[in-house]
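Note sheet for the following structure.
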Number of protein chains: 2
Amino acid sequence: MKKGVTTLKKLAKILNVSVSTVSRALNDHPDISTETKDSVKKLAQSMNYVPNIFAKGFRKSKSNILGVLVPNITHYFHSTILKGILEEASLRGYRVIISESNNDVLKQTEMLNTLTQFGVDGILASLTKMTKNVDSILPVFNKLPIILFDKVSNKVPCTQIITNDEEAAFNVVEHLINIGKKRIAIIKEREFSYNSEKRYTGYLKALKEHNIEVDEKIIISVDDISQQQGKRMTNLLLSLKNRPDAIFAITDYAAIGVIQTLKKFNIKIPEEIAVVGFSNNLNSTIIEPSLTTVDQPGETLGKTAVKYLIEEIESDTDIVMHKTIEIKGSLIIRESTFKVK
Amino acid sequence: MKKGVTTLKKLAKILNVSVSTVSRALNDHPDISTETKDSVKKLAQSMNYVPNIFAKGFRKSKSNILGVLVPNITHYFHSTILKGILEEASLRGYRVIISESNNDVLKQTEMLNTLTQFGVDGILASLTKMTKNVDSILPVFNKLPIILFDKVSNKVPCTQIITNDEEAAFNVVEHLINIGKKRIAIIKEREFSYNSEKRYTGYLKALKEHNIEVDEKIIISVDDISQQQGKRMTNLLLSLKNRPDAIFAITDYAAIGVIQTLKKFNIKIPEEIAVVGFSNNLNSTIIEPSLTTVDQPGETLGKTAVKYLIEEIESDTDIVMHKTIEIKGSLIIRESTFKVK
DNA sequence: CTGAAAGCGCTTACAG
DNA sequence: CTGAAAGCGCTTACAG
């Protein structure tokens with residue numbers, strides 16, 4: 001703060017009323033007469049009065065700041081979620097502090113702690129991939145309203161906002177079956193990845209429903225999925241004597257690696273092998289052939305998360321029902337599964 | 001805050017000392033004996049004492065929070081800058097509140113105002129494209145330390161952190177000349193775009209230095225550069241009777257539109273027409289041929305901005321020298337200007 | 001309808 | 001080396 005800031009005291013002195021009256025007038029307290037309110041507000045306006053956020057927060061122990069934790073802010077899907085969070089929070093009079101865990105579990109705990117220390121009213125978090133053990137973050141959950149989004153964990157008792165991974169994956173696989181594919185490979189992450197497991201379940205369900213036998217040889221699990229891994233695992237799939245006729249990669253990044261490798265070997269996409277990703281990143285329309293994928297509406301997801309969080313923050317009761325909200329992603333069919341003649 | 005939080009008062013009572021002593025012990029005041037310090041710190045630790053950030057901020061009118069304003073958080077280059085900002089700020093004990101202007105001048109003013117209202121210690125901002133008139137944001141600059149990055153304006157008196165646009169563009173054009181191109185088109189934004197103008201200046205300088213005549217017909221200016229505009233302007237360039245043999249698009253997004261259009265007309269890249277972009281987005285390696293571009297080190301830029309801002313915040317004097325710091329971007333040569341046989 | 005007073009948790013000039 | 005006291009700017013129960 002610089003010198004010369006307008007305070008309640010100053011306004012009170014000028015108007016010859018008490019500080020209490022000024023405070024109440026500005027907060028539209030019913031006890032205050034309309035005239036008084038008007039004159040106070042007018043003066044406050046003309047003197048550019050801005051409440052001291054610290055005094056206010058201090059007094060009410062409320063900051064109107066939300067804390068957000070994501071693994072990596074440059075990840076496109078997460079940046080769209082952040083966009084939604086910022087917009088909705090701003091509309092509701094909240095600011096947003098963002099921190100990154102860089103997919104580091106220790107950093108994640110540290111960041112959650114500093115966020116609470118900085119007096120945020122609640123936290124929105126997307127966990128690191130490797131968060132198998134939630135013990136270190138559980139204490140934070142007793143102090144503040146928290147909502148998990150995207151990378152969630154069912155070991156944490158709180159409201160969670162996710163994509164309908166299972167259903168969307170089911171639709172992906174069904175689409176592949178509909179275009180005549182019979183030997184559908186999946187490149188997924190290991191068990192610790194909540195989202196990947198859900199998609200895998202959808203995959204299995206679709207195969208079952210269409211009486212297609214599950215073949216472990218074309219179910220590939222990797223630690224950390226990426227474009228590189230997509231390439232490597234495609235090489236592996238191509239080395240099988242009984243090759244797949246479709247590859248469902250659990251992320252667009254990996255799917256792009258798949259396409260690049262298939263092209264290197266002059267394999268026709270989608271005729272010989274079709275490819276599907278997940279997320280609808282910007283890249284998925286740049287790659288050729290363009291990638292069939294599941295569009296995840298990040299902004300909606302972010303907005304929804306903020307709504308539920310503020311609801312918890314502003315609720316009077318301590319008893320909160322924890323819900324799991326699924327935001328629907330939609331299948332976007334492009335050239336990697338459908339030939340435009 | 002929930003019930004049962006540890007305060008200085010509680011610690012004082014337990015240890016039978018005054019609140020002042022506890023406060024000083026925790027802040028390592030030289031007056032306090034080592035024994036007292038140790039016992040205080042030990043108890044504070046064991047009782048999970050966390051200073052009330054509001055009381056502290058209120059008292060010292062310092063929040064240790066930095067405000068950041070960007071046009072669009074999902075823009076890849078800006079998200080890498082944000083990553084750098086978050087990391088450096090965290091290292092130095094600051095948190096970061098992020099807001100978006102969505103390239104809306106009114107929103108930008110509003111956001112700057114709320115940031116100051118929320119008691120941030122300083123602001124890092126990247127302006128909207130259309131900020132010709134800085135009058136509405138100037139008042140904020142008198143209240144708080146502010147630093148501009150990437151989208152800056154020379155009408156604002158403050159430290160500015162940018163890429164070496166002019167020099168980098170010079171290198172781009174020189175590279176095109178070196179591979180034998182003689183008729184180099186540029187797709188840029190109009191005058192109001194600071195970055196675009198700098199790159200354009202670099203373009204002109206390179207042509208001049210190599211005695212290549214400037215031809216207005218292949219200098220294309222658009223309002224809002226994008227992939228779409230890249231496509232449209234390529235169509236325009238191709239309709240000329242004297243076509244260019246290289247196209248320098250001021251952003252990767254536009255350059256990708258250029259490549260897509262050239263491919264549609266089966267024009268050989270780079271033999272017939274070479275293409276260069278700017279930024280080194282993720283897409284630039286996905287497109288085929290891969291795109292020659294200028295890598296802008298976003299993280300470094302973000303970290304640098306934070307360093308200068310905190311320096312201003314923590315400086316005792318009011319007189320601050322405003323500098324313009326250029327972060328060097330490097331030319332990355334890929335297939336769109338160089339044929340791999 | 002309005003005011004005086006207490007207090008939120010911390011820091012710090014002053015006194016000893 | 002330590003303590004008592006004032007005060008940062010606000011809100012609110014209490015009193016009138």
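Reminder, nothing fancy here: chain letters follow the sequence lines and each chain counts from 1.
Side-chain proximity of B:Thr7 to C:dC10, C:dT2, D:dG9: nearest is C:dC10. For B:Ala55, whose side chain is taken as the heavy atoms from C-beta onward, the closest listed nucleotide among C:dG9, D:dG3, D:dC10 is C:dG9. Set against D:dG3, C:dC10, D:dC14, the side chain of A:Arg24 has D:dC14 as its closest nucleotide. Each of C:dT12, D:dC8, C:dT2 was ranked by its minimum atom distance to the side chain of B:Ser20; first place goes to C:dT12.
For the OP1/OP2 pair of C:dG9 and a distance below 4.0 Å, the side-chain nitrogens and oxygens of B:Tyr49 include no atom meeting the criterion. Dashed line: the shortest gap from a side-chain N or O of A:Ser33 to OP1 or OP2 of C:dT2 is under 4.0 Å. The side chain of B:Asn52 contributes no N or O atom lying less than 4.0 Å from OP1 or OP2 of C:dC8. Phosphate proximity of D:dT2 to B:Thr36: present, with a side-chain N or O under 4.0 Å from OP1 or OP2. Within the 4.0 Å cut-off from OP1 or OP2 of D:dT11, at least one side-chain nitrogen or oxygen of A:Ser23 is found. In this model, the phosphate group of D:dT2 is not approached by any side-chain N or O of B:Thr21 to a distance below 4.0 Å at OP1 or OP2.
Rounded to whole angstrom, the span from the NZ atom of A:Lys9 across to the P atom of C:dA5 amounts to 14 Å. The NZ-P distance, from A:Lys37 to C:dC1, rounds to 9 Å in whole Å. Rounded to an integer number of Å, the gap from NZ of B:Lys13 to P of C:dG9 is 12 Å. To the nearest angstrom, P of C:dG9 lies 13 Å from CE of B:Met47. In this structure, the CG atom of B:Asp31 is 11 Å from the C1' atom of C:dT12, given to the nearest Å. C:dG3 atom C1' lies 13 Å from atom CG of A:Asn16, rounded to whole Å. Taking atom CG of residue B:Leu8 and atom C1' of nucleotide D:dC8, one finds them 15 Å apart after rounding to whole Å. Summarising the geometry, the separation between NZ on A:Lys60 and P on C:dA6 is reported as 22 Å, rounded to the nearest angstrom.
Counting heavy atoms from C-beta outward, A:Lys151 and A:Asn195 have side chains that approach closer than 4.5 Å. Considering only heavy atoms from C-beta on, A:Phe118 comes within 4.5 Å of B:Ile65 through its side chain. Looking only at side-chain heavy atoms (C-beta outward), A:Gln296 and A:Ile81 stay at 4.5 Å or farther from each other. For the pair A:Ser90/B:Met111, a side-chain contact is recorded, criterion being any heavy-atom separation below 4.5 Å from C-beta on.
Donor-acceptor pairing under 3.5 Å, judged by distance alone, is absent between the side chain of A:Arg59 and the base of C:dG9.
Looking at heavy-atom distances under 4.0 Å, B:Val19 makes contact with a base.
Shown here, C:dC14 forms a base pair with D:dG3; the pair counts as Watson-Crick or G-U wobble because both key distances fall under 3.5 Å.
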Donor-acceptor list for residues 304-312 of chain A side chains, cut-off 3.5 Å, not counting sequence neighbours:
from	atom 1	to	atom 2	distance (Å)
A:Thr304	OG1	A:Thr300	O	2.6

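Heavy-atom distances to DNA chain C give each of B:Lys56 and A:His29 a nearest nucleotide, and the one nearer the 5′ end belongs to A:His29. Where B:Pro30 and B:Phe58 each meet DNA chain D at their nearest nucleotide, the meeting point lying more 5' is that of B:Pro30.
For the C1' atom pair drawn from C:dT12 and C:dG16, the interatomic distance equals 16 Å after rounding to whole Å. Between D:dA5 and D:dC1, the distance separating the two P atoms is 24 Å to the nearest Å.
Between B:Phe149 and B:His78, the ring planes lie perpendicular to each other; the angle is over 60°, past the 30° to 60° tilted range.
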